[in-house]
Amino acid sequence: MRLRNIAGSREVIGESGFVIHNPEEQKGNWPEIFGNTNPIHIEIGMGKGQFIMDMAKAHPDINYVGIEKYSSVLLRAVQKMEQEPEPLSNVRFIRMDAETIMDVFDAEEVGRIYLNFSDPWPKDRHAKRRLPSKEFLARYDRILERDGQLEFKTDNIGLFEFALKELEPAGWRTKKVTFDLHRDESMMEGNIMTEYEERFSSMGNAICKYVIER
Ligand code: SAM
């Protein structure tokens, strides 16, 4: 998702208290940002923030950090947050490319990672840019607690099959997997839909999901 550049988006983001502006300075200090030691769960490539904000409402004892590469997209999440009747004290946003995620979170500082409808980067030469690639799994390995889990949802079967093949060489294994989430009663329990999930499932596309661990 890349929206056209929106004039003033960097300024609005720059002034938002929900956005962490120098995230590298918070490495190891996230409990201070949230004012508690609750677990930290992150969504990488959060888009306009619907999933992470709904998760934060459903799980007030978890702290959520949403990561998004583009300011034009992050702007929408900031605006959505500002429309909330009560600010969600357990959510923060970062505008960054997740390639440098290890500069922002300390070893094992994150309890769970969500990837939702990640960009497919269809050309083989761009495989390393795919968020469930083994190169990214190695980065997640550093920041995720030893018994932490990573959840990935997509309707792109080619990307999902690629993601499954990446697991073993990177030292991960599936805990749960489905090629049709919305027909899988146990994996649907507590499911919170992302914007893309709403859009693609309403078109009849099956949603694939895995939960992985090391
Ligand atoms: N997760 C949302 C959903 O399911 O509705 C948005 C999905 S959208 C297809 C993918 C998002 O990931 C885009 O907003 C894109 O800018 C972001 N993204 C892609 N690569 C990224 C990266 N390396 N670091 C941070 N965000 C990234």
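In each ligand, atom 1 is the first atom listed, and ligand 1 is the first ligand listed.
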Problem - Atoms in ligand 1 flagged as close to M96, the criterion being non-hydrogen separation under 4.0 Å - result: 24 (N), 25 (C)
Practice task
Ignoring angles and geometry beyond distance, decide whether E99 reaches within less than 3.5 Å of ligand 1 through its nitrogen or oxygen atoms.
Solution key: no
Practice task
Mind checking whether Q50 contacts ligand 1 via backbone (N, CA, C, O), side chain (CB onward), both or neither, at a 4.0 Å heavy-atom cut-off?
Solution key: neither
Practice task
Please determine if G45 has a nitrogen or oxygen closer than 3.5 Å to a nitrogen or oxygen of ligand 1.
Solution key: yes
Exercise for the section: Output yes when the distance from some N or O of ligand 1 to some N or O of S118 is under 3.5 Å, and no in every other case. Expected result: no
Handout entry: Part of E43 with heavy atoms under 4.0 Å of ligand 1, whether side chain, backbone, both or neither
Key = side chain
Handout entry: Lys/Arg N to Asp/Glu carboxylate O, K48 vs E68, below 4.0 Å
Key = no
Practice task
Compute the shortest N/O to N/O distance between F136 and ligand 1 and return yes if it is under 3.5 Å, no if not.
Solution key: no
Exercise for the section: Would you name the heavy atoms of S71 and I13 that are closest together and state the gap between them? Expected result: O-CD1, 3.2 Å
Completion exercise
Within 4.0 Å of some non-hydrogen atom of E195, the atoms of ligand 1 are 5 (O)
Exercise for the section: Quick one: closest heavy-atom pair of M193 and S201, and the distance? Expected result: CE-OG, 4.1 Å
Exercise for the section: Just say parallel, tilted or perpendicular for the rings of F200 and F117, cut-offs at 30° and 60°. Expected result: parallel
Exercise for the section: Taking only heavy atoms of L131 into account, list the atoms of ligand 1 that are under 4.0 Å away from them. Expected result: 23 (N)
Practice task
Before accepting this row, confirm whether a basic side-chain N of the pair R139/D103 lies closer than 4.0 Å to the acidic partner's carboxylate O.
Solution key: no
Fill in the blank from the handout: Distance col, row I192:CD1 vs Q50:CD, nearest 0.5 angstrom, shows 9.5 Å
Exercise for the section: Determine, stepwise, if the pair F152 / Y114 fulfils ring-ring contact (aromatic ring centres under 6.0 Å, His included). Expected result: CA-CA 6 Å; F152 171 48; Y114 295 97; over 10 Å; no
Practice task
For atom 7 (C) of ligand 1, state which one of F117, Y114, Y70 supplies the nearest heavy atom.
Solution key: F117
Handout entry: NZ or CZ of R130 within 45° of W121 ring axis and under 6.0 Å
Key = no
Exercise for the section: Just jot down the ligand 1 atoms closer than 4.0 angstrom to any heavy atom of T194, in number order. Expected result: 3 (C), 4 (O), 5 (O)
Fill in the blank from the handout: Note: ligand 1 atoms sitting under 4.0 Å from heavy atoms of A98 are 22 (C), 23 (N), 24 (N), 25 (C)
Exercise for the section: Measure the distances from the heavy atoms of R129 to every atom of ligand 1 and state whether one is below 4.0 angstrom. Expected result: no
Problem - Test of proximity, E68 against ligand 1: N or O pairs below 3.5 Å - result: yes
Problem - N116 neighbourhood, listing ligand 1 atoms whose heavy-atom distance to it stays under 4.0 Å - result: 1 (N), 2 (C), 4 (O), 7 (C)
Practice task
Could you tell me whether E197 and K153 have a side-chain N and a carboxylate O separated by less than 4.0 Å?
Solution key: yes
Exercise for the section: Decide whether the shortest distance between a heavy atom of L115 and an atom of ligand 1 is less than 4.0 Å. Expected result: no
Exercise for the section: Output yes when K209 and E151 qualify as a salt bridge under the 4.0 Å nitrogen-oxygen rule, no when they do not. Expected result: yes
